[in-house]
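Chain identifiers are assigned alphabetically (A, B, ...) following the order of the sequence lines, protein sequences preceding nucleic acid strands; residue numbering begins at 1 within each chain.
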There are 2 protein chains.
Amino acid sequence: MVKADKSNISTKRSICPVASTLDILGDKWSLLVIRDLFAGKTTYSELQKSPEKIPTNILANRLVRLTDHEIVEKKPYQTHPVRYEYILTPKGRELGPILKSMVSWGEKHIPGTKAMSKKKR
Amino acid sequence: MVKADKSNISTKRSICPVASTLDILGDKWSLLVIRDLFAGKTTYSELQKSPEKIPTNILANRLVRLTDHEIVEKKPYQTHPVRYEYILTPKGRELGPILKSMVSWGEKHIPGTKAMSKKKR
DNA sequence: CCCACTGACTTGTTAATTGCAAGTAAGTGA
DNA sequence: TCACTTACTTGCAATTAACAAGTCAGTGGG
């Protein structure tokens, strides 16, 4: 079990929505996990296989953080053996515009970047 | 002078525009500084006065990072004494949509947040 | 001239996070 | 029984961030 993490509890630096959003998602990995879930990945091992090679303990930590914030939901999709799937909640799916604007900005301003073809659904 | 920082040089984790954007802006403070510049603040001391109370060494570090990435430009606006202003470059101003989508998401999903009235210009 | 004060940072130190390598535990398939 | 997969944990070393204090140029007042 991943140990208690202050960042799990709601500690807002200010009432600013940008600051509060960054309190939840302001790190190098969280939005990448969300990007992958948008891209259709659902399991822990699929998430680990992304090209950015997220360290496994960080992935575990981010998944609990995101589920604490109800951005992601973890549910078993089979028993024997138990296997879990991670899916975006409606709240999580509404992060789409943030991701989309990052894709636009990145493609336009960072040479060598290329967005993947959009997944339907 | 702030010492050399690996994060200043371009180290892309992947060709994904989201990952690359996060390589530059994926932390708790960078986008907050940019928010303030959008809000019309221009000097180091004004940036320090924001309600989130950014540590002074971090502010200095983020400003060099952002100027290295040509998101922010630093220029003296007076001599005797020398005083600097930090302004967004066109590239930096194009981060507006990212900030805007964070405001929307934050206001909708994080209770107790409230965006400031939009500054003209 | 001396002193207090401001703006813009820098330095030192401690605390918190990351990143990496390895290890664990349940279950399957050969 | 053995090797293999999924889904994590654990233990450290290495980075980063946070906090407090200090620096340095310049200004304005007495």
C:dT10 OP1/OP2 closer than 4.0 Å to side-chain N/O of B:Y44: no
What integer distance in Å separates B:Y84:OH from C:dT6:C1'? 15 Å
Give each protein N/O atom lying under 3.5 Å from an N/O atom of nucleotides 2-4 of chain C, with the pair distance.
none

With sequence neighbours excluded, tell me which residues meet salt bridge (Lys or Arg N to Asp or Glu O under 4.0 Å) with B:E52. B:R35
Sorted by chain and residue number, the salt bridge (Lys or Arg N to Asp or Glu O under 4.0 Å) partners of B:R13 (sequence neighbours excluded) come out as B:D23
Taking only N and O in the side chain of A:Y86, is any of them less than 4.0 Å away from OP1 or OP2 of D:dT6? no
Specify the separation, in whole Å, of atom CG of B:D23 and atom P of C:dG19. 11 Å
Rounded to whole Å, OH of A:Y77 lies from C1' of D:dA7 at a distance of 10 Å
Side-chain N or O of A:K74 versus OP1/OP2 of D:dC8: is the shortest distance under 4.0 Å? yes
Determine, step by step, whether B:K100 and A:S101 satisfy the side chain to side chain donor-acceptor pair (under 3.5 Å) criterion, reporting the C-alpha distance in whole Å, the side-chain angles of both residues, the deciding distance to 0.1 Å, and the verdict. CA-CA 9 Å; B:K100 222 166 285 178; A:S101 50; over 6 Å; no
Return a single string for nucleotides 17-30 of chain D, one symbol per nucleotide in 5' to 3' order, where B is base contact, S is sugar-phosphate-only contact and - is none, cutoff 4.0 angstrom on heavy atoms. SBB-B----SS---
With distance as the sole test, does A:T113 use its side chain to make a donor-acceptor pair with the main-chain N or O of A:G106 at under 3.5 Å? yes
Can you list everything that forms a salt bridge (Lys or Arg N to Asp or Glu O under 4.0 Å) with A:D27? Sequence neighbours excluded, please. A:R62, A:R65
Between P of C:dT18 and CZ of B:R13, the distance in whole Å: 12 Å
With sequence neighbours left out, which residue pairs that include part of residues 11-33 of chain B fulfil the ring-ring contact (aromatic ring centres under 6.0 Å, His included) condition? none
Do the side chain of B:T89 and the main chain of B:I71 share a donor and acceptor less than 3.5 angstrom apart? yes
Whole angstrom value for the distance that separates C1' of C:dT28 from CD of A:Q78: 11 Å
Whole-Å gap separating P (D:dA7) and CD (A:Q48): 9 Å
Determine yes or no for a side-chain-to-main-chain donor-acceptor pair under 3.5 angstrom, with A:Y44 supplying the side chain and A:T56 the backbone. yes
Please give, in whole Å, the distance from C:dG7 P to B:L47 CG? 13 Å
Length of the line joining B:I54:CD1 and C:dC9:P, which is rounded to integer Å: 13 Å
Between A:E46 (side chain) and A:K49 (backbone), is there a donor-acceptor pair under 3.5 Å? no
